[in-house]
Amino acid sequence: SQLLVSEPAPLRAAPEPATPDSDLKTLLTLCDLLNRELLVMIGWAKHIPGFTGLSLVDQMALLQSGWMETLVLNVVWRSQGSADELQFAENLRLSESQCRAAGLHDLYTALRHLSSKYQQMGLNQEEVLTLKAMALANSDAENVEGAEAVQRFQDGLHEALQDYESSQRPSEPHRAGRLLMTLPLLRQTALRAVRCFSRLHTDGRVPMHKLFLEMLDAKI
Amino acid sequence: QEKHKILHKLLQNGN
């Protein structure tokens, strides 16, 4: 319930009106959107029950290792209503050919694979919000200072998921486990997303915001 | 080194 309350309103893409449509414009618009989502995510993280109880260093460690998984869940959740597009925002939907043209084809296949998996499962909002928080709590960050505090943070979210599933879906006793069993694919998808944007950056194809680059840097 | 990061500032002064 706390995650439902603290869920930020979805952001809209902000394409430059004066710039003619092009693959570069798609990338610029996408990178700007993702950077703003990242900013919002950092504020959102503080509302996850238990997060601010962690040390500042551990808060950074979890965000540095889990941020792309949380961004991926945002996109995948928004894309649930579509069979073949990626909906990064209400006003930014990309088809496979648009992704390919922008150098995002690998990202497209990875995100669509995860999106269709959650579509088959009938993922709902409560579940995706809990998974987003878990992506941070379970991000296997290195050099954690307060391992016990992080473990309690994880256990709290795991308990919330189990309580939710047992009360809302009593006829599906394996549901919570099945959701947890999607986390490895989420991790793999996020790593492919990191590689894709890192490649775009090293190729100099699109300027990226400092925060986005700092967080990309933390993942490599 | 971590202290100079944007993330550190954002977490510290609460957006």
Side-chain angles (χ1 to χ4, degrees), chain A residues 6-9 11 31-32 34-48 50-71 136-137 139 141-146 149-150 153 194 208-220, chain B:
Chain A
S6 57
E7 179 62 8
L11 298 179
C31 286
D32 169 70
L34 291 175
N35 189 69
R36 283 185 288 118
E37 278 203 85
L38 189 47
L39 268 171
V40 168
M41 180 200 301
I42 292 165
W44 159 80
K46 293 178 193 168
H47 299 290
I48 304 172
F51 186 80
T52 48
L54 305 174
S55 70
L56 184 60
V57 167
D58 283 349
Q59 290 179 26
M60 288 185 73
L62 293 188
L63 275 164
Q64 283 168 333
S65 59
W67 67 281
M68 184 60 93
E69 289 183 40
T70 304
L71 280 187
L136 282 190
S139 60
E142 290 164 24
N143 313 321
V144 163
E145 272 179 355
V150 171
F153 180 48
V194 164
M208 292 181 183
H209 297 276
K210 267 183 11 182
L211 173 63
F212 195 79
L213 288 173
E214 184 186 288
M215 298 299 275
L216 263 185
D217 208 27
K219 286 292 290 179
I220 297 183
Chain B
Q1 183 245 352
E2 291 288 286
K3 286 196 178 357
H4 305 301
K5 291 199 170 174
I6 302 170
L7 177 60
H8 190 273
K9 289 191 195 61
L10 289 172
L11 281 172
Q12 221 172 11
N13 61 16
N15 282 349

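What's counted below: heavy atoms across the whole structure, side chains too, no hydrogens, waters or symmetry copies. To find a chain, count down the sequence lines: A is the first, B the second, and so on, and within it residues start at 1. From a predicted model like this one, the values you see are computed outputs, not experimental measurements.
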Query raised in the report: Looking at B/Leu11 and A/Lys46, what are the two nearest heavy atoms and their distance?
Result: O-NZ, 3.3 Å
Query raised in the report: NE2/B/His8 to CG/A/Leu63 distance, rounded to the nearest 0.5 angstrom?
Result: 12.5 Å
Query raised in the report: Atom CG in A/Leu211, atom CG in B/Leu7: separation rounded to 0.5 Å?
Result: 7.0 Å
Query raised in the report: For A/Glu214, is it the side chain, the backbone, both, or neither that has a heavy atom closer than 4.5 Å to a heavy atom of chain B?
Result: side chain
